[in-house]
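These notes concern the structure reproduced below.
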Amino acid sequence: GYEIVAIEAGQLPLTLPDVDAAVINGNYALEAKLNETHPAVEIEAFDAETSVRRTNYLAVKQGNEDSDKTKALVAAITDQEVLVYINSTYQGAVIPSFIDAQGNAVSGGEIPQAGEDNVIRVGATLVPHAEILKDVVAKVLAEKGWVLETVEFNDYVLPNTTLEEGELDANYFQTLGYLKNQNEEGGLHLAAVVGVHIEPMGVYSQSIKSLSELPDGAVIGVPNDTDNYGRAIDLLNALGLLVDAPSDPDKITEINR
């Protein structure tokens with residue numbers, strides 16, 4: 001008896017007072033600070049394949065994968081302190097995902113000692129990427145003499161073109177699919193070196209703390225764009241709130257009939 005309402009993804013946090021629950025992308029939940037005020041009731045689960053697809057990766061320009069700066073970054077960003085920081089700070093809105101591009105686990109290794117050229121410039125979007133870099137990765141790197149400069153971006157194109165031009169040593173904000181698309185369409189030469197985190201979709205609510213509390217006929221908001229709508233319906237199916245509901249947004253009337 002639930003009613004599914006499709007709403008623009010970025011607006012979903014604002015609709016929480018008006019719906020019983022909403023399925024919200026991790027990045028929008030973070031921007032609205034829902035992890036602080038109304039943590040997710042449930043979040044997506046990931047298998048090996050979906051983890052690789054949803055993870056945000058640290059990327060460098062091709063040819064620099066084995067440089068000392070890259071090795072230092074990879075070791076620092078997969079350090080135990082980063083894992084603890086992510087779990088304690090974001091309360092499920094961000095999930096650590098220390099993997100390579102094939103989905104193999106990566107653990108923090110030895111950080112090489114910095115030489116004379118000890119400044120590492122990394123481009124990142126604001127939340128949570130720049131926060132993770134400034135609040136914890138910089139401190140881990142400083143123990144070996146490295147100075148981390150975090151360059152913040154508000155878009156998803158400039159971090160890659162700036163890295164391609166050599167003005168950055170790395171960037172941290174994107175999935176493998178987006179990176180591949182940028183390389184192909186923009187003629188870029190960038191490579192993912194390690195995954196750091198996933199921003200899962202979650203079920204958020206201001207009125208319930210457990211799915212069992214959802215009333216009959218509850219209104220559930222979901223994103224209205226095709227990819228995220230399907231992802232949200234798949235999550236509701238997996239949680240048992242819907243049963244074999246179609247993930248095509250054109251078939252929403254089949255759910256609400």
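Computed from heavy atoms alone, side chains included, the values below leave out hydrogens, waters and symmetry copies.
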Atom pair CG (N160) and NE2 (H189), whose distance is rounded to the nearest 0.5 Å: 12.5 Å

Donor-acceptor contact below 3.5 Å, side chain K61 vs main chain E164: yes

Any V147 side-chain heavy atom under 4.5 Å of L141 side chain: no

Aromatic plane relationship, Y178 with Y156 - under 30° parallel, 30 to 60° tilted, over 60° perpendicular: perpendicular

Interatomic spacing from CG in N118 to NZ in K144 - rounded to 0.5 Å: 14.5 Å

Side-chain donor or acceptor of S67 paired with backbone N/O of T70 under 3.5 Å: yes

Separation of T226 OG1 from R231 CZ (nearest 0.5 Å): 14.5 Å

E44 side chain vs P200 backbone, donor-acceptor pair below 3.5 Å: no

Exam field: side chain D169 to backbone V122, donor-acceptor pair closer than 3.5 Å: no

Aromatic ring proximity H129/F173, centre distance under 6.0 Å: no

CG on L58 to CD1 on I77, rounded to 0.5 Å: 5.0 Å

Spacing of D234 atom CG and Y229 atom OH [to the nearest 0.5 Å]: 10.5 Å

Main-chain N/O of T50 paired with D47 side-chain donor or acceptor, under 3.5 Å: yes

Worked check of side chain to side chain contact (heavy atoms under 4.5 Å, CB included) between V119 and W146: CA-CA 6 Å; V119 177; W146 297 99; over 6 Å; no

Backbone of P159 reached by a side-chain donor or acceptor of N171 within 3.5 Å: yes

N183 side-chain N/O to L190 backbone N/O, donor-acceptor pair under 3.5 Å: yes

Separation between CD1 of I24 and NE2 of H38, rounded to the nearest 0.5 Å: 11.0 Å

Within the 6.0 Å centroid threshold, strictly below: Y172 and H197: yes

N27 (side chain) donor-acceptor with E199 (main chain) under 3.5 angstrom: no

